[in-house]
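Just so it is clear, the values below take in all heavy atoms, side chains as well, and ignore hydrogens, waters and symmetry mates. Nothing here was measured: the structure is a model prediction, and the numbers come from that model.
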Amino acid sequence: MLVIRTVCGNGIGSSLMAASNVKKICDELGVKADIASVDFANAVGEKADLYITIKELATQFPAHCNVAIIRSYVHKVKIAEDITEAIKKIAGI
């Protein structure tokens with residue numbers, strides 16, 4: 001099971017909406033994942049396989065973190081375009 005964290009500044013608004021869409025995308029891909037939203041300050045402590053966030057926050061993650069950049073927290077089609085390849089790679093499909 002993959003561990004995926006959606007990340008925004010506070011971890012309660014934007015990233016929560018993104019988490020819902022990421023769950024749908026993973027379900028469509030047949031990938032089992034533990035998906036949750038988290039604030040940026042606590043994100044790295046979550047030790048996820050993949051962090052999903054916007055460009056402005058992605059550049060602040062340590063180099064060892066696997067980060068997928070999304071253009072929108074709410075637009076499912078754009079999120080799918082931005083993360084599908086990363087999820088497939090990590091899941092080995």
Reported [atom1]-to-[atom2] distance for the pair [X] and [Y], which is rounded to 0.5 angstrom:
| X | Y | atom1 | atom2 | answer |
| --- | --- | --- | --- | --- |
| Cys8 | Leu16 | SG | CG | 8.5 Å |
| Asp34 | Leu2 | CG | CG | 9.5 Å |
| Lys47 | Cys65 | NZ | SG | 11.0 Å |

Which pair of heavy atoms, one from [X] and one from [Y], lies closest together, and at what distance?
| X | Y | value |
| --- | --- | --- |
| Val67 | Ala58 | CG1-CB, 3.6 Å |
| Ile35 | Cys26 | CD1-SG, 4.0 Å |
| His64 | Val44 | NE2-CG1, 4.5 Å |
| Tyr51 | Ala43 | CE2-O, 3.1 Å |
| Ile70 | Ile83 | CG2-CG2, 3.6 Å |
| Arg5 | Ala48 | CG-CB, 3.7 Å |

* **Under the side-chain contact (heavy atoms from CB on, under 4.5 Å) test, residues paired with Lys24 that sit two or more places apart** => Ser20, Asn21, Lys76

* What residues form a side-chain contact (heavy atoms from CB on, under 4.5 Å) with Asp27, not counting sequence neighbours? -> Lys23

Is a side-chain donor or acceptor of [X] paired with a backbone partner of [Y] at a separation under 3.5 angstrom?
| X | Y | result |
| --- | --- | --- |
| Tyr73 | Val7 | yes |
| Thr6 | Ser15 | yes |
| Asp49 | Val3 | yes |

* Ring geometry between Phe40 and Phe61 (parallel below 30°, tilted from 30 to 60°, perpendicular above 60°) -> perpendicular

Side chains of [X] and [Y]: closer than 4.5 Å at any heavy-atom pair?
| X | Y | result |
| --- | --- | --- |
| Ile69 | Thr53 | no |
| Ile4 | Ile52 | yes |
| Thr84 | Leu29 | yes |

* Asked: Same hydrophobic cluster for Val77 and Val22, using side-chain heavy-atom links shorter than 4.5 Å among ILVMFWY?
  -> no

* **With sequence neighbours excluded, residues passing salt bridge (charged side-chain N to carboxylate O under 4.0 Å, His left out) with Asp82** => Arg71

